[in-house]
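The following block contains the structure, expressed as C-alpha cells.
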Amino acid sequence: MILLDGRTAVADYQLRGVHGQTVAALAGRILSGEIPEGATLDLTALREELDVSLTALREALKVLSAKGLVDARQKRGTFVRPRTFWNTLDVDVMRWRSAGPPDMDLLSNLTEVRSVVEPAAARMAAERATEQDLADLTSALACMADPTEDAVEADLDFHRALFGATHNQLLIEMQRVLANGLAMRDKIVHGSAQAGNPVPTHGLVLDRIRARDPIGAEQAMRALLDESTKDFARIATTKEPHRTG
C-alpha cells in the first residue's frame with residue numbers, strides 16, 4: 001500500500017501501478033519539503049513504509065534521479081538534491097508541484113515567464129492564426145463567459161488555443177508545461193469572489209488576433225497579464241478561503 005499522507009498524487013502515475021505510485025509518493029514528499037533538500041533517504045524504512053520491494057523503490061528513484069530530484073553517491077547513499085538541480089520544466093515535476101497546496105514561488109516564476117512568452121505568442125497568433133484557430137479561440141472564450149462551464153478549464157483552453165495558433169511547436173510544448181502552474185493559479189483566482197471578469201481582457205486579445213493586428217494583440221495580452229497579476233496579488237494577500245471547483 002502506498003501512503004501519500006493526504007497529498008494528491010499525479011493521476012497519470014497512479015494509473016501506472018505500484019511503480020508509478022511509488023514515484024508519485026516520493027516526488028510529493030520531496031517537492032513539499034517533507035523530505036528536505038540534502039536529506040539522505042533511508043531506503044529500508046521507505047521500502048517498509050510504502051510496502052514495496054527494494055527493486056520497485058530503486059526503479060522509482062531512477063525516475064526521480066532523471067528529473068534531478070535525487071542522486072546517489074558512495075558512502076553517502078541516495079539523497080535529495082538541492083532545488084537548483086531539479087528539472088522544473090519537466091512536465092511531471094510541474095504537475096507534482098501543482099497537485100499540492102499553492103506553491104507561491106512557482107506562481108511568481110510563472111507570472112514572470114508568462115510576461116515574456118505570452119505577448120510574443122499573441123503577436124505570432126495574429127500573424128499566423130487559421131480559421132480553425134480562430135474558431136477554437138472563440139469557442140474557449142464563449143465557455144469562459146458561460147457560468148455553467150468550468151472556468152479553469154475554459155481559461156486553459158483559451159491559452160492552449162492561443163499557443164496553438166502560433167504554429168510554433170516549441171511554444172506549444174512550453175504551453176503544456178506552463179498549463180499545470182496556470183491551472184493552480186486559476187483555481188485560486190476563479191474560486192474567489194474577488195476575481196475580476198476575465199472575459200473582456202481575453203476578448204480583446206481575440207479581437208486583435210482576428211483583426212490580424214500583431215502589435216495590438218501583443219499589447220492586449222500585456223494588458224490581460226497586468227490584470228491577471230493584480231487579481232492574483234489581491235486574492236493571495238487575503239484570508240479568504242479559496243474554492244477549487
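Computed from a predicted model, the values in this text were never measured in an experiment. Residue numbers count from 1 along this sequence.
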Check: For residues 132-148, which residue pairs qualify under salt bridge (Lys or Arg N to Asp or Glu O under 4.0 Å), counting only residues two or more places apart or in two chains?
Finding: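 Checked against salt bridge (Lys or Arg N to Asp or Glu O under 4.0 Å) - neighbours excluded - no pair reaches residues 132-148.
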Next item on the list: Run the numbers on His202 and Leu206 for side-chain contact (heavy atoms from CB on, under 4.5 Å), then give the verdict.
Entry: CA-CA 6 Å; His202 287 71; Leu206 176 54; over 6 Å; no
Check: Nearest 0.5 Å, what's the NE2-OG distance between His19 and Ser53?
Finding: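 Here the interatomic distance stands at 11.5 Å.
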Check: In Å, rounded to the nearest 0.5 Å, how long is the span from OG of Ser139 to CG of Asp157?
Finding: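 Going from the OG atom of Ser139 to the CG atom of Asp157 covers 7.5 Å.
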Check: Quick one: do Val93 and Phe79 end up in the same hydrophobic cluster if we chain Ile, Leu, Val, Met, Phe, Trp and Tyr together by side-chain heavy atoms under 4.5 Å apart?
Finding: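 The answer is no; the residues belong to distinct hydrophobic clusters.
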Note to self: Check for me, please, whether Val23 and Leu43 land in the same ILVMFWY cluster - side-chain distances under 4.5 Å, paths through other members count.
What the structure shows: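 In one cluster with Val23: Leu43, yes.
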Next item on the list: Compare every heavy atom of Asp90 with every heavy atom of Asp92, then report the nearest pair and how far apart it is.
Entry: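 Between these two residues, the closest heavy atoms are N-OD1, 2.9 Å.
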Next item on the list: Find out whether Pro119 and Leu225 are in side-chain contact, i.e. whether some heavy atom of one side chain is under 4.5 Å from a heavy atom of the other.
Entry: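 Of all side-chain heavy-atom pairs linking Leu225 with Pro119, at least one is under 4.5 Å.
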Next item on the list: Provide the closest heavy-atom pair for Pro36 versus Val80 in the form atom of the first, atom of the second, distance.
Entry: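 Taking every non-hydrogen atom into account, O-CB, 3.4 Å.
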Check: Hey, any chance Leu171 and Val91 share a hydrophobic cluster, counting ILVMFWY side chains that come within less than 4.5 Å of each other, even indirectly?
Finding: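 In one cluster: yes.
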Next item on the list: Looking only at non-hydrogen atoms, find the nearest pair between Leu137 and Ala161 and report the distance.
Entry: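 Heavy atoms only, the tightest pair is CD2-CB, 3.7 Å.
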Note to self: Using only atom types and a distance under 3.5 Å, with no angle test, would you say the side chain of Thr166 pairs donor to acceptor with the backbone of Leu162?
What the structure shows: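 The answer is no, because no donor-acceptor pair under 3.5 Å joins these two groups.
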Item checked: From His159 atom NE2 to Leu182 atom CG, the distance as rounded to the nearest 0.5 Å ->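 It is 5.5 Å, given to the nearest 0.5 Å.
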Checklist line | Inter- and intrachain pairs under side chain to side chain donor-acceptor pair (under 3.5 Å), touching residues 75-84, at least two apart | finding: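 For residues 75-84, and leaving out neighbouring residues, there are no side chain to side chain donor-acceptor pair (under 3.5 Å) pairs at all.
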Checklist line | Sequence-distant partners of Asp71, side-chain hydrogen bond (donor to acceptor under 3.5 Å, both in side chains), two or more places apart | finding: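 Listed in chain order: Arg73.
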Notebook entry, point to check: Who pairs with Gln169 by side chain to side chain contact (heavy atoms under 4.5 Å, CB included), at least two apart in sequence or on another chain?
Noted result: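 Gln169 satisfies side chain to side chain contact (heavy atoms under 4.5 Å, CB included) with Ile172, Glu173, Arg176 only.
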Notebook entry, point to check: Rounded to the nearest 0.5 Å, how far apart are CE of Met221 and CZ of Arg208?
Noted result: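 Met221 atom CE to Arg208 atom CZ measures 13.5 Å (nearest 0.5 Å).
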Item checked: Shortest non-hydrogen contact between Ala165 and Arg128, atoms and distance ->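 Taking Ala165 first and Arg128 second, the nearest heavy atoms are O-CB, 3.7 Å.
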Item checked: Val199 reachable from Val205 in the ILVMFWY side-chain graph, under 4.5 Å edges ->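 Val205 and Val199: one cluster.
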Next item on the list: Could you check Met174 against Leu89 for side-chain contact (heavy atoms from CB on, under 4.5 Å), going step by step and ending with a plain yes or no?
Entry: CA-CA 9 Å; Met174 183 175 291; Leu89 290 181; over 6 Å; no
Note to self: Please identify which of these residues, Leu57, Leu61, Thr22, meets the side chain to side chain contact (heavy atoms under 4.5 Å, CB included) condition with Leu46.
What the structure shows: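 Only match with Leu46 under side chain to side chain contact (heavy atoms under 4.5 Å, CB included): Leu57.
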Check: How would you list all residue pairs meeting salt bridge (Lys or Arg N to Asp or Glu O under 4.0 Å) that involve residues 110-127, not counting sequence neighbours?
Finding: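 Sorted result for residues 110-127: Arg114-Glu118, Arg123-Glu218.
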Notebook entry, point to check: Does some side-chain heavy atom of Gln175 sit less than 4.5 Å from a side-chain heavy atom of Val117?
Noted result: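 The answer is no, as the side chains (C-beta and beyond) never meet within the 4.5 Å cut-off.
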Checklist line | Pairwise side-chain contact, Glu153 with Phe158, heavy-atom cut-off 4.5 Å (strictly under) | finding: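 SC-SC contact between Glu153 and Phe158 ruled out.
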Check: If every non-hydrogen atom of Ala25 is compared with every non-hydrogen atom of Leu50, which pair is closest and at what distance?
Finding: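 Heavy atoms of Ala25 and Leu50 come nearest at CB-CD2, 4.3 Å.
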Notebook entry, point to check: Under a single-linkage definition using a 4.5 Å side-chain heavy-atom cutoff for Ile, Leu, Val, Met, Phe, Trp and Tyr, are Leu64 and Phe85 assigned to the same hydrophobic cluster?
Noted result: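 Different hydrophobic clusters.
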Next item on the list: Step by step, work out the side-chain contact (heavy atoms from CB on, under 4.5 Å) result for Ile30 and Trp96.
Entry: CA-CA 10 Å; Ile30 292 169; Trp96 286 325; over 6 Å; no
Margin query: Quick test of your reading of the model: are Arg29 and Glu49 salt-bridged, counting only N-O distances below 4.0 Å?
Written below: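 A salt bridge links Arg29 with Glu49.
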Notebook entry, point to check: Ala126 and Ala217: which non-hydrogen atoms are nearest, and at how many Å?
Noted result: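 That closest heavy-atom pairing would be CB-CB, 4.0 Å.
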Margin query: Tell me every residue that passes side chain to side chain contact (heavy atoms under 4.5 Å, CB included) with Arg212, counting only those two or more places apart in sequence or in another chain.
Written below: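 Arg212: side chain to side chain contact (heavy atoms under 4.5 Å, CB included) contacts with Ala129, Glu131, Leu134.
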Notebook entry, point to check: Rounded to the nearest 0.5 Å, how far apart are CG of Asp42 and CZ of Arg47?
Noted result: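 One finds 10.5 Å between CG of Asp42 and CZ of Arg47.
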Next item on the list: Output the distance between atom CG (Asn87) and atom CG (Leu69), rounded to the nearest 0.5 Å.
Entry: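 Rounded to the nearest 0.5 Å, the CG-CG separation comes out at 8.5 Å.
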